[in-house]
Each structure stands twice: as C-alpha cells, then as structure tokens.
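Note on naming: letters A, B, ... go to the chains in the order of the sequence lines (proteins, then strands), and numbering restarts at 1 for each one.
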Amino acid sequence: MKLHHVLIIAALVLATSVCAFAGQKLDMADFKRLPIQHEGRLKPLGSYAQVTLKTISGDNHLKNISAEDWLAVSIFDPQAAAELEIFTVPDKTLREQLQLDPAKKLYSFAALAEPLNRTLPELLQLSMKAESERTPTQTALLTLHEHAALYTKLLRSFSAILPLAIDMPGNNDQPATFRALEKEAAKLDQKLKKIIKAKGTDPAKYNEDELKIANAAFSLNQIRQGGENNDILRVIPVTWENEKGWVSPWAIFLEAKGAPQNAKLLESWSALANAYREGDATKWNASLAEISNMTAELASYNQARLDAEIFYRAAHPYNWVIALYVLSFAAACAFRGKNTWPLTLGFAAIIIHIGAIALRIYILGRPPVGTLYESVLFVSLIGAGLGLFFSHMRNTIVPLIAGTFAAASLLLIAPIALPGGDSLEVLVAVLNTNFWLATHVICITAGYGICILCACLAHALLAMKEPPATLQQNLYHISLLALMFMVIGTVLGGIWADQSWGRFWGWDPKENGALLICLWLIWVQHGRVSKYMSTTAFTAMLAALNIIVALSWFGVNLLSVGLHSYGFTSGMASGLAIFCTIELLLISGLWYKGRKS
Amino acid sequence: MNTTLRKTLKTLHRLAEADMVFFLLPLLMLLLIAGTLAQRWMGLYRAHETFFSSFVFWLGPLPLPGGFTLLGILSINLTLKFFLKSEWSLRKAGIILTHLGALVLLIGGLLTAMTARESFMLIPEGAQSNYMYAYNSRSLMIFEDGRERARLAYGDIKNWSKAALPFKLEVIDYCENCDIQKPENPPENARSMAQFMQLSPLAPEKEPEANLTGMTLKLSETGSAKTDGTYIAFDGMPKPITFKKDKHEYMIVFGKDQFELPFSIALTDFKKEMYSGTDKAKSYSADVIMNDGKLSWPARIEMNAPLRYRGYTFFQSSFEEAEDGSQATILAVVENKGRLLPYIGTFIIGIGLLLHTIVMIAGRQRA
C-alpha cells in the first residue's frame with residue numbers, strides 16, 4: 001500500500017468534479033473487444049473489466065450491471081459510478097467499525113469515502129506493521145483501502161478529457177474539459193496566490209469571485225494530481241523510437257508521450273466519452289470503429305486472440321465439462337456398461353475440456369501448465385482421458401467411473417487454487433521457458449493425473465466384493481504408467497534445476513514431494529514383487545496414493561519455503577487435513593472389510 | 001575358508017534382494033517428510049545438514065538412519081542386485097537398465113556431495129572480476145606483504161592458537177551470529193575497531209548465509225606494544241587489522257571464503273525485463289566478456305541458460321541495483337565433477353523404461 005494511494009483517497013471525498021448525466025443503453029460488444037495492456041499482457045477491455053470488478057466486488061457477476069457496462073460508466077461517467085454498489089466488505093467487524101448499513105451486501109464508493117477517510121490515521125500505522133501481525137479485520141481494512149484506491153484511479157483515468165463540473169470564473173456556458181482549461185490553470189494559480197497574499201488562507205474572508213477562483217484552482221490541481229501516475233488504463237499504444245508499449249490517457253497528456261497519432265487516438269476516446277454521456281448510439285459506434293482502426297494501425301496485435309479470450313470467459317467451458325463428467329459418472333454407475341451412454345458423455349466432456357485448454361494455450365501463447373490452477377485443469381483432463389481410454393480398450397466401465405469422479409471433483413475444487421484475480425496469468429522469469437514447461441511440467445502433471453486415476457480405481461476395487469482379475473491387472477498397469485511418468489518428470493525437473501540453479505537436486509520441498517510419490521510407487525511395486533504385500537494391501541496402498549499426491553501437489557505450497565513455492569494459497573491447510581483424514585479412514589475401512597471377506 | 005566365503009556370498013545375496021528396498025523405502029520416505037517439514041523451522045541449509053547429508057538423525061529420542069546411510073545401503077543393494085540377481089534376458093533387459101540408471105543417479109549424488117563447490121561472484125556493470133565467494137564457509141585470512149600467508153577456517157576456530165604464525169593469536173570469544181554494540185568500558189588494550197565496538201551473541205539465522213559471524217582476538221608479539229592487544233574481526237568488517245613486524249606488513253581480514261578463478265569475467269550489460277506495467281520479472285540476463293589469458297570473447301548468461309567454461313558453470317542468480325540506477329549481477333558458480341552423471345542416469349532410465357514397455361506390449365500381443 002503506497003502512501004500516495006492513501007492521499008488520493010483523502011482527496012476523493014471531494015468527489016470527482018466531473019459532470020453527471022443520465023445514462024442510456026449502448027451496444028457494448030465492440031467496446032469489450034478493444035485491447036488493454038494489463039498485468040503484463042494485452043487483453044480485451046471486457047476481460048479487464050471482469051477481473052477488476054471481481055477484485056473489488058468479490059464476485060464476477062453483479063445482478064443489475066454487466067462488467068463492461070460498469071467499466072464504461074466508471075471511466076466515462078465517474079459521478080454516476082461513485083453511486084454504484086460494487087464494494088464488498090466481507091469482514092463483519094470492519095463493517096461495524098466503519099458503521100456501514102448492515103442490511104447491504106455491497107457498498108457504493110460514495111458511501112465508503114467518508115468512513116474510509118476516517119480510518120486514514122489507523123491505515124498509516126497498519127501499513128508499517130508486518131503482515132503476520134495484522135488481525136483479519138486490519139487486513140480487510142487494508143484490502144478495502146487498496147480496492148478504493150484502485151477504483152479512484154479508474155474513476156479518474158479519463159478525467160483529463162471529460163467535461164468538468166467546475167464553476168469557472170468568467171461566464172462559460174459549456175462545461176469545459178481539463179485539457180481545455182489546462183492553460184487557464186497557471187493563470188488561476190497566479191490569481192489565487194495574489195488573493196492569499198491579500199486576504200490569507202481563510203475562505204470565509206473571500207468574496208464570491210475570489211471563492212470561485214480558489215475553488216477552480218483547487219479543483220484543477222486536484223484533477224492533475226489524480227492524473228499523475230494514473231497508469232492503470234493502458235489503452236493507447238506508443239510506437240516511439242525507444243518506447244514501445246501501452247500507456248494511459250493521462251500519460252499521453254502529462255508526460256507528453258507518443259506521437260501526434262497518439263494524440264489523435266486520444267481525441268477519438270474523447271469523442272467516445274462524449275457519445276456515451278450523450279447516449280448517442282450512432283456517434284458511439286462510429287467512435288468505437290475509429291478507435292479500433294487507429295489502435296490496430298499503431299500497434300500490431302492479434303484481435304482474434306482477444307476475441308478468443310472474450311469467448312473463453314463468456315462460454316464458461318468448465319461448467320459444461322463438470323456437468324458432462326457428472327452425467328457420465330452417473331450413467332456409468334446406473335447402466336454399468338449396458339450401453340455406450342457413459343462413454344459418449346465422457347468423450348464429449350473430454351473434447352470440450354481439451355478445447356478449453358487449447359483455447360488457453362492460444363490466448364496465452366505458452367504451454368498449458370504454469371500455475372497451480374492450470375495444473376488442476378490439466379491433471380483432471382489426464383485422469384478422465386486415461387480412464388475413458390482404459391474403459392474403451394479393456395471393455396470395463398470401472399476406470400471411467402474412477403476417471404470422471406476424479407476429474408469432476410478436481411474441477412470443482414479448482415477455484416480454490418485461484419485466489420482472486422485473473423485465471424489467465426503471465427509467468428515469473430524462472431518459469432518463463434516454453435521448453436521446460438512443455439516437458440517437465442507436463443510430464444509431472446500427467447503423472448499426478450495418472451496417480452489420481454490409479455488411486456480412484458484402487459478405491460473402486462477395494463469397495464468391490466470380488467474384484468475381477470482383469471481390473472487388478474489394469475490397476476497394476478496404470479500404477480506402472482504412473483511410476484514411469486513420475487520418474488521421468490522428476491528427473492527432468494532435476495535437469496531443469498541443474499540448468500537454472502546449478503544443482504540437480506537440492507532437497508527443496510517441491511522436489512521432495514515429487515520424489516515422495518516416486519518412492520511410494522517404487523515401494524508398492526517392490527512390496528508386490530517381494531510378496532510382502534497381498535493383492536488387497538497392494539490395492540489399499542495405491543488408494544493411499546491420493547494422500548501422497550495431495551500432500552506433494554498442494555501440501556508443499558503451504559510450507560512456503562524454497563525456490564519452488566510459487567503457488568501458495570491460503571486456507572488450503574485445513575481442507576487438506578480434512579481430506580487426508582477422510583481418505584485414511586475410508587481406505588482403512590475398505591481394507592479391513594476386504595480382508596474380512 | 002570355504003564356509004566364510006559361502007557365508008559372505010549368502011550375505012551378499014541377501015543384501016541384493018528386492019525386499020531390501022521394501023524395508024529401506026519407508027525409512028527413506030520418513031526421512032524425506034521429516035527433512036521437508038523441518039525446513040519450515042530450520043531453514044533449507046540446516047535441514048539439509050541434519051537430515052540428508054548425515055548418517056544419523058534424531059526423531060525425538062529415536063535415532064534413525066540419515067540420508068547418507070540410507071542412500072549408501074540402497075546403492076549397495078542396487079550394485080549387488082545388478083551383479084548377482086540380474087536375469088540376463090531380453091524380457092528383463094528394460095528392468096535391469098532402469099535399475100542401472102537409478103544406480104548411476106545415486107553415484108552421481110555421491111560424487112556431487114563429495115566434490116561440488118558452490119560460490120558466487122558479484123560483478124558491477126563495466127567492471128571485471130576473477131574472485132568468487134563461498135556462501136557459507138568463512139575464514140580468517142592473513143596476508144603478508146599483500147600475499148596470502150595463512151587461511152584459518154572458522155569451523156576450526158578452536159585450533160587457531162596452534163597455527164604456525166609469525167605472531168601470537170588467541171581467540172578470546174566468538175559468536176556464529178553477532179550483534180555489534182558500543183562497549184560501555186572498552187578494555188584498556190583494545191585496538192582498532194575494538195575501541196568502538198564489541199560483539200555479543202545472537203540466535204543464529206535460519207540460513208547461515210545471513211549470519212554475521214565474528215570473534216574477539218588477542219594478538220601479541222606483533223612487533224610493537226602499540227599493536228599488541230585486543231581486536232575484533234567479523235563478516236564484512238570495514239577496516240582490516242594491520243600491523244608491521246620485522247619489515248613485513250601484515251593484514252588480517254575475516255569473511256566469506258574467497259577463491260580465485262583461473263580467468264576473469266567482465267560485465268558489459270545487465271538486463272532486467274519486466275512484464276509491461278507490472279513488477280513481475282519476465283527475464284534477467286548478463287552480457288559478459290570472458291578473458292582467459294590472451295583470449296577474450298563475449299558471452300551471455302541468462303535465466304535457464306548458464307555458461308559453462310573449464311569445469312565451472314555460471315548461472316544468473318540475482319542482481320543488485322543502486323539508487324543511481326547502476327546495476328551489478330550476482331552469478332552463482334558451481335564446480336561439480338558429478339555433473340554429467342544425472343544426465344547419463346536419466347538417459348539409461350529412459351531407455352530402460354521404453355524398452356520394458358515395448359517388450360511388455362510385444363509379449364502381450366504374442367500371447
């Protein structure tokens with residue numbers, strides 16, 4: 001939390017000094033498609049709106065307004081946007097502390113401005129306190145302030161080109177923009193200095209004209225300050241000799257970045273803002289087309305990729321995939337291989353699942369697994385795909401039951417691995433290598449997937465009274481396949497570590513986790529070969545593979561030590577503990593039952 | 001004689017059995033879990049020393065075999081299995097190769113544990129260096145007329161007074177992690193920095209790298225009563241201890257061990273690329289000039305692409321940035337004679353697994 005954010009909020013109680021107007025419904029489809037540089041990559045405005053709104057409101061979908069409508073009103077009509085109820089304050093104690101209306105779930109910026117302003121002294125102390133020493137309420141307060149600061153910036157991102165509600169000295173009928181008034185500002189400042197010299201700083205002593213001057217000078221300064229460092233809405237491509245990238249309207253304006261073409265593009269944005277405020281659909285569409293063409297001329301980017309992202313977010317493919325896996329699972333349990341419905345449904349789910357992952361590869365331009373969330377998507381695909389494959393090849397429905405069950409449960413918990421923000425992320429330097437992402441990471445995550453399928457199948461076999469020999473054989477083969485992928489993946493990881501950190505093996509938690517799975521599988525195989533394990537024991541130990549994989553996959557992130565800890569997610573510890581306990585009880589129970597019979 | 005031989009053979013055969021692995025692995029997994037969890041509290045380095053680079057570790061009152069012991073027995077088991085128990089048939093060829101590969105990996109680990117040395121170099125932009133520094137090992141270095149006369153390792157501090165030196169050195173006190181304080185009443189014979197500073201022990205840091213190690217020394221027979229007295233030495237000491245005796249200039253410094261490279265590296269440019277508009281790093285790279293004797297040539301060291309030369313491997317590990325914008329790269333330097341073995345082992349395991357899969361599939365199709 002930076003100090004200047006705090007000061008910005010303090011100034012915001014003054015509202016945004018921009019005219020209000022009556023909104024009207026415009027076509028947002030093309031607005032959504034415009035490019036914006038955000039969090040290290042180019043994305044469509046629609047995506048940006050969704051991600052930002054989710055950060056502030058804690059939810060993707062607000063009841064009465066779409067993300068892109070919200071973004072448009074926020075940047076083009078800040079006065080109205082300040083009244084929108086979009087802020088979530090999940091901490092009950094904080095709601096009480098800020099004296100917020102307990103009946104509401106979401107609060108408007110206007111409603112929060114004053115209470116937040118009151119907590120400024122506390123905030124300064126908090127930001128100096130170590131993270132671990134803050135209470136949850138204090139953390140919530142900091143978060144709320146951060147969100148408010150973010151939204152302040154957003155509300156002011158176009159304030160340079162919007163008509164102002166400042167009552168200017170002299171008689172201007174038309175509300176002018178900051179851009180037009182900027183030259184006046186210096187004069188006003190001079191005048192104000194004279195007034196202060198003559199009459200002091202107490203406004204009560206000023207006459208009407210002087211008050212007007214003071215007000216106008218102060219407001220213009222406020223607006224300029226709000227524009228400084230306002231770099232969040234990077235929609236203008238700069239193609240200067242040394243500078244390449246995307247900047248915000250204020251950067252063009254204040255730092256005089258970019259060429260005349262950039263200034264022209266800003267004009268079009270200004271026209272778009274006016275069209276929005278006037279509710280003029282014809283002008284709106286014309287301006288959008290102009291912006292889109294000019295942006296495309298200035299920067300080379302792939303609009304198809306942006307459109308793919310809009311489609312990906314709108315289609316919610318994983319909802320379909322989960323539904324189809326559940327249906328396939330249910331059909332498999334009900335029909336037991338009497339017809340091909342379970343296989344067909346499972347196949348459909350896998351096709352959509354592959355399509356969704358392929359779309360992510362296309363959008364991000366990198367191999368599919370780079371974050372914890374992505375590993376869940378991929379592991380579930382491998383589990384279900386391999387289950388379907390074995391069911392089809394060996395003519396038995398059980399692997400499909402195991403695979404679809406594993407995949408559906410994994411996809412349902414996937415959002416846990418996504419603590420807010422965007423699911424489409426760029427990667428930190430050490431992970432930013434397509435070769436190792438495509439080999440080691442794919443191999444290890446495929447290994448996880450096979451392990452989980454193996455463990456689920458083992459559960460099913462333990463639950464059966466007399467498991468058929470072919471299924472036992474299948475289980476054995478899948479366990480060998482899992483071992484193969486885990487060993488190759490782990491060793492490839494060692495080679496990557498040797499290439500990037502200079503050591504093949506360093507006993508880092510993540511390395512140890514992968515090794516633990518390998519050792520467990522090797523141990524089970526040797527137990528079988530040396531005949532120390534009965535078939536039931538072998539099956540039970542493979543069922544316990546779920547626990548080993550969970551610990552290695554998610555558990556080591558909780559340790560948050562070592563070079564590998566890039567996927568930390570809070571609140572996972574208790575979930576993991578519950579899962580392991582339930583699994584232990586379940587497996588022991590099934591094993592005991594199996595031995596008795 | 002014959003019975004001894006038979007007994008030995010029997011023991012060897014027993015040690016070659018597959019069930020050895022079955023009994024060893026639970027211990028190894030226990031070690032792995034304990035060593036991983038311990039890192040949360042002990043730090044990576046100490047956990048490594050306690051669990052993995054040790055023969056015995058203690059789980060409460062219970063002594064358990066450490067990494068060296070377990071991996072040692074496992075290596076013996078694998079070696080013996082290879083010679084005594086291998087079924088030399090095509091059907092088992094894949095399995096034999098896989099086990100051989102695992103053995104090569106273990107031998108590589110042993111060789112690395114014995115020979116690998118990790119250090120780092122810090123080179124500012126526009127500068128050149130041929131020195132590397134150890135991460136953890138520290139020494140007291142004594143120079144005579146600018147040349148290294150003796151190097152006393154910190155680990156051996158109890159025997160420092162026995163070292164053959166042209167003057168007398170006694171260790172009064174030392175602390176692995178020290179706090180530097182202003183002395184209330186410094187000893188009368190305090191010399192140099194000891195007049196203004198004294199060391200008091202602190203709890204060691206999680207990673208020994210971050211400790212400030214130091215000691216209080218008593219020097220005598222330094223050629224003059226003015227220079228005889230109590231001194232302090234510590235990591236990164238701003239002023240070396242100096243005195244003159246018998247026309248020789250002596251200089252004593254304490255710090256992380258330094259090693260000289262047989263060649264030098266000059267940094268021409270360090271680049272740090274961020275994702276536009278974020279503080280997330282996209283890539284780091286260092287453009288260097290390698291100077292070896294009369295030869296010099298440009299090279300680039302970047303994330304995931306190290307530079308290898310004359311048995312040394314240089315990795316882009318970190319960087320420093322001064323307020324004026326000048327940058328310095330920190331390169332990790334690794335010397336490791338066992339470096340190639342993991343690659344060979346991996347290759348053998350890969351071939352073994354592939355062969356086994358092919359043989360199994362072919363066998364099933366025949367059946």
Side-chain angles (χ1 to χ4, degrees), chain A residues 37-42 231-232 234 244-247 426-430 432-433 435-436 477 480-481 483-484 487-488 491-492 494-496 498-509 512-513 515-516 519-520 522-523 525-527 529-533 548 551 556 559-563, chain B residues 17-23 25-26 28-29 32-33 35-37 39-40 43-44 47-48 51-52 67 98 102 105 108-109 112 116 118 273-278 280-284 303-306 313-317 332-334 336 338-339 341-343 345-346 349-350 353 356-357 360:
Chain A
Q37 174 81 31
H38 179 235
E39 284 174 350
R41 68 186 184 86
L42 207 62
D231 57 355
I232 55 168
R234 294 162 174 262
K244 247 191 168 164
W246 297 71
V247 297
V426 293
L427 301 176
V428 290
V430 69
N432 194 13
T433 143
F435 177 74
W436 292 111
H477 287 155
L480 279 183
L481 197 66
L483 176 60
M484 188 160 119
V487 166
I488 294 178
V491 171
L492 279 174
I495 293 178
W496 184 6
D498 185 50
Q499 294 287 332
S500 84
W501 298 318
R503 84 289 186 291
F504 181 81
W505 196 261
W507 304 103
D508 178 285
N512 292 352
L515 181 64
L516 187 66
L519 291 181
W520 185 267
I522 294 172
W523 179 61
Q525 296 300 341
H526 283 81
V529 168
S530 59
K531 304 208 167 55
Y532 277 97
M533 279 184 195
I548 306 287
L551 290 177
V556 292
L559 286 173
S560 68
V561 284
L563 297 158
Chain B
E17 287 288 349
D19 65 355
M20 287 294 292
V21 177
F22 179 74
F23 293 120
L25 284 192
L28 191 56
M29 287 191 269
L32 201 60
I33 293 170
T36 310
L37 290 178
Q39 290 179 14
R40 181 100 171 98
L44 216 128
H48 193 168
F51 294 93
F52 304 122
T98 311
L105 279 185
T112 302
E118 281 184 44
E273 204 187 325
M274 310 299 270
Y275 285 107
S276 163
T278 67
K280 205 168 184 176
K282 192 175 183 185
S283 69
Y284 303 107
M303 213 89 185
N304 295 318
T313 313
F314 299 89
F315 302 89
Q316 178 55 51
S317 135
V333 190
V334 179
N336 179 8
R339 203 185 78 78
L341 288 182
Y343 290 79
T346 307
I349 290 180
L353 287 173
H356 188 64
T357 314
M360 269 194 8

Who wins among A:Tyr532, A:Trp436, A:Phe435, A:Trp520 for the most heavy-atom pairs under 4.5 Å with chain B? A:Tyr532

Does the pair B:Met29 and A:Ile548 meet the rule for a side chain to side chain contact (heavy atoms under 4.5 Å, CB included), with working shown? CA-CA 11 Å; B:Met29 287 191 269; A:Ile548 306 287; 5.9 Å; no

Toward chain B, the part of A:Asn512 with a non-hydrogen atom under 4.5 Å: both

Return the option, out of A:Trp507, A:Trp505, A:Phe504, with the maximum number of heavy-atom pairs under 4.5 Å with chain B. A:Trp507

Heavy atoms only: give me the nearest B:Phe52-B:Thr36 pair and the separation to one decimal. CZ-N, 4.4 Å

Where do A:Arg41 and A:Gln37 come nearest, in terms of heavy atoms and distance? N-NE2, 3.5 Å

Under 4.5 Å, counting heavy-atom pairs only, tell me which of A:Val491, A:Leu516, A:Leu480 racks up the most with chain B. A:Leu516

How close do B:Tyr284 and B:Gln316 get, heavy atom to heavy atom, and via which atoms? CB-CG, 3.9 Å

What pair of heavy atoms forms the shortest contact from B:Gly35 to B:Gln39, and how long is it? O-CG, 3.3 Å

Pairing residues for B:Thr112 by the side chain to side chain donor-acceptor pair (under 3.5 Å) criterion, not counting sequence neighbours: B:Asn336

Given a strict heavy-atom distance threshold of 4.5 Å, which part of B:Ala18 is in contact with chain A: side chain, backbone, both, or neither? both

Heavy-atom closest pair (B:Phe22 atom, A:Trp523 atom, distance to 0.1 Å) is O-NE1, 2.8 Å

Taking side chain as everything from C-beta outward and backbone as N, CA, C, O, which of these in B:Glu17 sits under 4.5 Å from a heavy atom of chain A? Side chain, backbone, both or neither. neither

Would you mind checking which part of B:Ala305 comes under 4.5 Å of any heavy atom in chain A, side chain (CB onward), backbone (N, CA, C, O), both or neither? backbone

Sub-4.5 Å side-chain heavy-atom contact between B:Thr313 and B:Arg339: yes

Max heavy-atom pair count under 4.5 Å with chain B, selected residue of A:Ile522, A:Ile495, A:Val529: A:Ile495

Chain A shares the most heavy-atom pairs under 4.5 Å, among B:Leu37, B:Leu28, B:Val333, B:Asp19, with B:Asp19

Which bit of A:Leu515 comes within less than 4.5 Å of chain B, counting heavy atoms only: side chain, backbone, both or neither? both

At a 4.5 Å cut-off on heavy atoms, which part of B:Met360 comes close to chain A: side chain, backbone, both, or neither? side chain

